[in-house]
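For reference, the structure discussed in these notes is given below.
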Amino acid sequence: MILPIIFAYLAVVFAIGAWSHRLFRGTGEDFFLASRTIGPFLLLMSIFGTHMTAFSLLGASGEAYHRGIGVFALMASSSALVVPLAILLLAPKIWELGQRHGYLTQVEFFRDRWRSSRLGLLLFGVMVALLVPYLLIGIKGGGITLSVITGNGVPEWVGSALMTLVVFGYVTVGGLRGTAWVNAFQTLVFMTLGAVTFVLITRTFGGLGPAMEKVARTSPDLLAWGPHVRPLELATYAAIPLSVAMFPHIFMHWLTAKQASSFRLPVIAYPVCIAIVWLPSVVLGVLGSIDFPGLAGPAANNVLVEMIGLYAPGAMAGLLAAGVFAAVMSSLDSQVLSLSTMFTRDVVQHYQLLKRLFGEQSERATVLAGRVFVAGILAATLALALSVDRSLFKLGVWSFTGFTALAPLIVAALYWKRSTRVGAYAAIATAGVLWVHFFRLGMQHPGYTLFDSGVMPVAVILAASSLAMVIGSLVTEPPDAEHLSRFFE
Amino acid sequence: MISTQHFSKPTMTLGLAIAAIVLFFARHDLWLRDSTSLVGGLPVSLLYHLAYCVLISAVLAAFLLRKPGA
């Protein structure tokens, strides 16, 4: 009964994406940005659904299994504060500039702002490299879900491949309008089913109170953040959600808003939505320590799905697993679309790549090149997902650290007239070198923090890249006033 | 537009900045760090952070739903 429900769910998702194609206006702006017609509710659902992924469900519950309720304070509370502020301060400005200059991608904006094609190409490469581990989280999460919920009846790679194919299919047909509609649907699905899972499982313990009292008897350290999280770690984790400022797929969703005031609802509702999704993940991860004790490291990625399999009856297990799929796919689709758009616009069109290679470049061939590129990236990520056995939470944190390290670029581009392309290069180079350095340390010493103080590498990289942006800009010629007038009133 | 309509006055920008700083520090519930007591079935620190999320929404609503110039 589980598999038919999941297949039915995937069919519904594909149908929504395909149905949205009926509204297609036949232009690139409509395919990539839904003609900038997305209103407040759809904008909230699509941005939030895109932001929440396997990291927030499987990763959060797996981490809570090991570290207890402190995981909510680390990521959910910090995201509840930082993400809405980032949307408030960045999104309306980006939207306005996008309207004025017709941007479709993040790279186009930066290339234009600092008048440098090479900077755009470098950023494209960096964005793709950082998106791969993020894609990997989703693809691996889908495979884990289907494999565990069917009692290993379906191999992990089949689940991953199936989900990837469905996403690739509806994004290719529906473009960003399809993605936004499917995201809205899937966000409602995973928020609702997350709450249902939470109620169903805690009821089997006799309610939330008795469930927690049981944890208090077996693993009391999981009910406080102190035993597993250091104060400086809690403080510096707040930098990680700043990654939202540089996600290329979130940038695209910002451009789709109907008007600037459409961002008001997403800003206000975001913290509550975060709490609704993260509470069940963290509590169920903690409860997993009762029924599945002794899971080591990444094995805890499965704990949420194991709990669903143990406590939910057959058909319900399929439905709840579909909820996990919903969370994963609602991010994967936007990431796939943004990769395709960036490659098409920022590489193939900007450099007339096909013309240089084959002598001509038609619209159809350009679109096909974008799809082939995305198919290649997805195939490579799928292969990587099968060979990597890491905590989804930690993989996510490293990916987000890279994006956060680049956040000074968007802040400087929007708010600092004196910033220059040399400053941007300096910030990217600093972020890259330090990210690789700390990533290696993190792989050698799991749970690495600076001098074992609790300070997360992300805080150091962010400070260093910000400083590099400032110094690099100040030692070079200021941009001319006429060019700046295009970006500042 | 929310960025200019609501934050055209320096006092509003300053107000939001102060609110953000206060909320940043409020996230660090050091006084609950080792408490395992349960309130309403939830660990007390988790309940605090849930309330914290609701508070952020309320503060942002207070800024953004206020009429410009009010």
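Every chain is numbered from 1 and lettered A, B, ... according to where its sequence line falls, protein lines coming before strand lines. This one's a predicted model, so the numbers in the text were calculated from it and none came from an experiment.
Under the 4.5 Å side-chain criterion, counting only non-hydrogen atoms from C-beta, A/Pro231 is in contact with B/Leu30. Within the 4.5 Å cutoff, the side chain of B/Ile56 has no heavy atoms near those of the A/Val272 side chain. Two residues are said to be in side-chain contact when any heavy atoms from C-beta on lie closer than 4.5 Å; A/Leu88 and B/Phe63 fail this criterion. Under the 4.5 Å side-chain criterion, counting only non-hydrogen atoms from C-beta, A/Arg264 is in contact with B/Leu65. B/Arg27 has its side chain out of reach of A/Leu81: every pair of non-hydrogen atoms, C-beta onward, lies at least 4.5 Å apart.
Highest contact tally toward chain A, considering only B/Leu32, B/Leu42, B/Leu55, is held by B/Leu42 [criterion: heavy-atom pairs under 4.5 Å]. Between chain B and the residues A/Ala238, A/Ser77, A/Pro84, the largest count of heavy-atom pairs under 4.5 Å involves A/Ser77. Heavy-atom pairs under 4.5 Å with chain B peak, among A/Gly226, A/Ala76, A/Pro227, at A/Gly226. Among A/Asp221, A/Leu234, A/Leu222, the residue with the largest count of heavy-atom pairs under 4.5 Å with chain B is A/Leu234. Note on A/Ala216, A/Pro220, A/Ala73: by heavy-atom pairs under 4.5 Å with chain B, the leading option is A/Ala73. Ranking A/Pro271, A/Ala275, A/Ala80, A/Gly209 against chain B, the residue ahead of the rest is A/Pro271, based on heavy-atom pairs under 4.5 Å. Taking chain B as the reference chain and counting heavy-atom pairs below 4.5 Å, the highest number among A/Thr202, A/Val215, A/Leu208 is found for A/Leu208. Comparing B/Leu50, B/Val54, B/Val59 by heavy-atom pairs within less than 4.5 Å of chain A, the highest count is held by B/Leu50. Looking only at heavy-atom pairs under 4.5 Å with chain A, the residue among B/Ala61, B/Ala58, B/Ser57, B/Pro43 that has the most is B/Ser57.
When heavy atoms are compared at a cutoff of 4.5 Å, B/Ser35 approaches chain A solely by way of its backbone atoms N, CA, C and O. For A/Ala235, the parts lying under 4.5 angstrom from a heavy atom of chain B are both the backbone and the side chain. Of the atoms belonging to A/Ile274, not a single heavy atom falls under 4.5 Å from chain B. With a 4.5 angstrom heavy-atom cutoff, A/Ser79 does not touch chain B via any of its atoms. Proximity to chain B is limited to the backbone of A/Val229, based on heavy atoms less than 4.5 angstrom apart. Proximity to chain B is limited to the side chain of A/Leu85, based on heavy atoms less than 4.5 angstrom apart. Heavy atoms closer than 4.5 Å to chain A are found in both the backbone and the side chain of B/Leu23.
Distance check, rounded to the nearest 0.5 Å: CD1 of A/Ile69 to OG1 of B/Thr36 gives 9.5 Å. To the nearest 0.5 Å, the span separating CG on A/Leu279 from NE2 on B/His49 amounts to 12.5 Å. Atom CZ of residue A/Arg230 and atom CZ of residue B/Arg33 lie 10.0 Å apart, to the nearest 0.5 angstrom. Between atom CG of residue B/Leu46 and atom CE of residue A/Met212 there is a gap of 7.0 Å, rounded to the nearest 0.5 Å.
Pairs of residues two or more places apart, or lying in two chains, that qualify as ring-ring contact (aromatic ring centres under 6.0 Å, His included) and include a residue from residues 19-42 of chain B are B/Phe24-B/His28, B/Trp31-B/Tyr48. Listed by first and then second residue, the ring-ring contact (aromatic ring centres under 6.0 Å, His included) pairs involving residues 72-94 of chain A amount to none (not counting sequence neighbours).
No more than 12 heavy atoms of other residues, nucleotides or ligands shown are found within 6.0 angstrom of CZ on A/Arg203. Within 6.0 Å of the CZ atom in A/Phe488, the count of heavy atoms belonging to other residues, nucleotides or ligands exceeds 12.
Side-chain contact annotation: B/Asp29 with A/Trp225, donor-acceptor N/O pair under 3.5 Å present.
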